[in-house]
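All heavy atoms count here, side chains included; hydrogens, waters and symmetry mates do not. Residue numbers count from 1 along this sequence. Both counts, for ligands and for their atoms, begin at 1 and track the order of listing.
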Amino acid sequence: MIGIIGAMASEVDGLKAIMENKRTETVSSVDFCSGTINGTDVVVAEAGVGKVNAAVTAQTMILRYNTDIVINIGVAGGLDKSLSIGDVVIADRVAEHDMDTTPLGDEPGFITGINRVYMECDPEIMQLLERCTEKIGIHTITGTIVSGDQFICRDDQREKLTGIFNAAAAEMEGASIGHVCTMNNVRFGVLRAISDGANSDSEMDFPTFCQMAADNSIEIIKLLLKEM
Ligand code: ADE
């Protein structure tokens, strides 16, 4: 079973709409829609925004639906200079940029317990996603995606995320899903389409381009499910 998590309705409704044999169950206030898409068994959930919502959703999927792969889809703020709105970033690793125990001598982003800053995405899922974006013809880069409970739109935030984490994109869920998957030894991937430049235009750009960018990530996942 493949689990697919988005934060907002715009990021998952396009998948729920084409699901066959659909069954919905609500656990911890999150709706889990299971069925088949393009012949593949999937469970799709709209987690809500932020790291805790995403973590609860990922853990529930793993325990209740026995997902062996979890993919996080949706939109992100672009940090890499080559990115334009609508482009795609496939994570090779993720980090929680707001995890900070540096006063205790840890590196920025260090997560005590799993004892690392970066959680590695599954190489096979990454390659499949890369092949799909190439087929569709969307400009795509592979790199670090960082997550935190903050909407990134200021120079000082952007500089921290590129300077410390060398991040290609910023969002609010992927790394917490990676964190949960790492704790459970479950393979995961993160695919994000750019809705804004994580800058002073983001307040306007995010609402304007969110659905268009979310649709790009949904198209890629549809193709992935066909190819799996
Ligand atoms: N998701 C989309 N754009 C974002 C931004 N600028 N910061 C955080 N998450 C986002």
Practice problem: With sequence neighbours left out, write down each residue that passes salt bridge (charged side-chain N to carboxylate O under 4.0 Å, His left out) with R187, or none if nothing qualifies. | Solution: D122, E124
Quiz item: Looking at CD1 of I37 and CD1 of I4, how far apart are the two atoms once the value is rounded to the nearest 0.5 Å?
Solution: 5.5 Å
Contact table ligand 1 N or O to protein N or O, d under 3.5 Å:
unit_1   : atom_1 : unit_2 : atom_2 : d
ligand 1 : 3 (N)  : G77    : N      : 3.2
ligand 1 : 3 (N)  : D196   : OD1    : 2.6
ligand 1 : 6 (N)  : I152   : O      : 2.8
ligand 1 : 6 (N)  : D196   : OD2    : 2.9
ligand 1 : 7 (N)  : I152   : N      : 2.8

Exercise. Not counting sequence neighbours, which residues clear ring-ring contact (aromatic ring centres under 6.0 Å, His included) with F151? List them please.
Key: F206
Quiz item: Would you call E219-K222 a salt bridge at under 4.0 Å N-O?
Solution: yes
Quiz item: Among pairs that include at least one residue of residues 200-209, which meet side chain to side chain donor-acceptor pair (under 3.5 Å), considering only residues two or more places apart or in two chains?
Solution: D196-S202
Practice problem: Could you tell me whether the side chain of D149 and the main chain of K51 form a donor-acceptor pair under 3.5 Å? | Solution: yes
